[in-house]
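Notes to accompany the following structure.
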Amino acid sequence: MRFIDTAVEYHGFWGSFWDLIWWFLAVFIFFAYIMALFSVISDLFRDHKLNGWWKAVWIIFLIFVPFLTLLVYLIARGPGMAERNQKEVAQAQQAADSYIKQVAGTSPSDEIAKAKALLDAGTITQAEYDSIKAKALS
């Protein structure tokens with residue numbers, strides 16, 4: 001009885017261009033799935049309108065039927081997910097702007113007083129003073 005050798009010769013990691021392409025594609029899909037999964041989980045806990053039991057149901061389904069549940073969540077709750085994300089970004093931007101204004105320590109009245117001192121010293125003209133005042137009050 002004669003055996004036919006059907007083994008494929010291994011050419012190393014860089015041996016086949018298409019093996020490398022498939023490997024990169026698989027890694028990309030895996031990381032995309034992980035990012036989507038974390039986005040859905042963070043959105044679940046960010047949504048204050050959703051009952052805790054429904055959050056638990058979504059998490060259980062994400063554990064046992066992950067791909068299907070992820071797709072259903074993104075289709076069914078995607079617009080609300082985008083709105084919550086935009087609201088969070090707007091709040092973060094507002095907090096950052098508030099912090100910058102607080103740290104800068106200049107109020108409109110301080111800017112106007114500095115501009116008035118410069119006007120009295122003759123460093124700026126009346127038109128420049130009016131421009132600074134208008135900018136500070138806006």
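Given the structure is predicted, the values throughout are model-derived calculations rather than measurements. In what follows, residues are counted from 1 in the order of the sequence shown.
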Checklist entry - Taking it one step at a time, do Phe64 and Thr69 satisfy side-chain contact (heavy atoms from CB on, under 4.5 Å)? => result CA-CA 9 Å; Phe64 292 111; Thr69 306; over 6 Å; no
Checklist entry - Near Gln126 CD, under 6.0 Å, is it more than 12 heavy atoms from other residues, nucleotides or ligands? => result yes
Item to check | In one Ile/Leu/Val/Met/Phe/Trp/Tyr side-chain cluster, 4.5 Å: Met35, Val72 | outcome: no
Checklist entry - Under a single-linkage definition using a 4.5 Å side-chain heavy-atom cutoff for Ile, Leu, Val, Met, Phe, Trp and Tyr, are Phe61 and Phe38 assigned to the same hydrophobic cluster? => result yes
Checklist entry - With a 4.5 Å limit on heavy-atom distance, are the side chains of Trp22 and Leu25 in contact? => result yes
Checklist entry - Could Asp47 and Arg77 be called an ion pair, given the rule that one side-chain N must be under 4.0 Å from one carboxylate O? => result yes
Checklist entry - Do Val40 and Phe45 belong together in a cluster built from hydrophobic side chains that touch within less than 4.5 Å? => result yes
Item to check | Apart from Ile124 itself, residues in the same hydrophobic cluster as defined by side-chain heavy atoms under 4.5 Å | outcome: Ile112, Leu118, Leu119, Tyr129, Ile132, Leu137
Item to check | Note: Asp130-Lys133 ion pair, threshold 4.0 Å (strictly below) | outcome: no
Checklist entry - Can you hop from Ile75 to Ile41 via hydrophobic side chains spaced under 4.5 Å? => result no
Item to check | Lys/Arg-Asp/Glu bridge criterion (N-O < 4.0 Å) met for Asp120, Lys116 | outcome: yes
Next on the checklist: Phe67: which residues meet the ring-ring contact (aromatic ring centres under 6.0 Å, His included) condition with it, sequence neighbours left out?
Outcome noted: Tyr33
Checklist entry - In the single-linkage hydrophobic clustering (I, L, V, M, F, W, Y; side-chain heavy atoms under 4.5 Å), do Leu71 and Leu62 co-cluster? => result no
Checklist entry - Excluding sequence neighbours, so at least two apart, what forms side chain to side chain contact (heavy atoms under 4.5 Å, CB included) with Phe30? => result Ile34
